[in-house]
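As the structure lists them, so they are numbered: ligands from 1, and atoms in each ligand from 1. What you see below is based on every heavy atom in this structure, not just the backbone, and it leaves out hydrogens, waters and symmetry mates.
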Amino acid sequence: MNPRHEILLIEDERNICNFIVTTLKTQDYKVDFAVNAVSGLSLAASGCPDLILLDLGLPDMDGIEVIRNIREWSNVPIIVISARTQEKEKVEALDAGADDYITKPFGTSELMARIRTALRRSALSGSTPLSAQNKYTAKDLVIDYEKHIVTVNGEIVHFTQIEYKILTYLSRNAGKVITYDSLITHVWGPFADSNNRILRVNMANIRRKLENNPADPQYILTEIGIGYRMIDNENL
Ligand code: CA
């Protein structure tokens, strides 16, 4: 079980707030909560939580503003809770510095998995960040960053430079949603056309080489309308 990580929940809906607080306590997390942005920000500053769960639809301030405010002084992982299915808002939250999002209604196991991933990523960045590791391993896939070699089931798979760049960026951020725009900017540079057609073409090629069934990908998952998430090896 977790060594008493402290989680701050900022959520104005009482039912959801109670549900999450109860769930987290059952899982042995320490929990603090606020029902509006102003008190949430003040608790974030005074309590130094290990992770923040943030509802985007708060009565006193736009959730995106809350993220921007926190990011001015802290790298604490932020998982956004969004009732709305609007992709634009989630993309905006991720680009403002949120680490992940979860859409209402969500199940306990999904919430717990997201929290574990975010906490693990943040712990790693304090010791050996993912970006400094030599290898990515998940299921049958190994990416050796030093040798620039990708193997699936021990067999070397060849990728173009662009494909390898995409793969590297996603795997270095495994477990995290990467928006189309940030991926395009990273691979093609800040002046690239934000039309994601060329990205989709490359992704199709990567999946064809990587996946058993490209229509049902195991390694690189699509977050529709938002971006991609490469699976995170829970045993890292
Ligand atoms: Ca709300």
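Each ring pair (Phe, Tyr, Trp, His ring centres under 6.0 Å) pair with one or both residues in residues 92-121, not counting sequence neighbours, would appear here, but there are none.
Using a cutoff of 4.0 Å between basic side-chain nitrogens and carboxylate oxygens, R208 and E163 are not scored as salt-bridged. Between R120 and D232 there is a salt bridge, since a side-chain N of the basic residue sits under 4.0 Å from a carboxylate O of the acidic one.
Counting heavy atoms of neighbouring residues, nucleotides and ligands inside a 6.0 Å radius, atom CG of D140 exceeds 12 of them.
For the Ca ion (ligand 1), the nearby protein N/O/S atoms, meaning those under 3.0 Å, are D12 OD1, D55 OD2, G57 O.
Considering only heavy atoms from C-beta on, I79 stays 4.5 Å or farther from I52 through its side chain.
With Y164 as the fixed residue, the side chain to side chain contact (heavy atoms under 4.5 Å, CB included) test singles out one of I162, I166, T168: T168.
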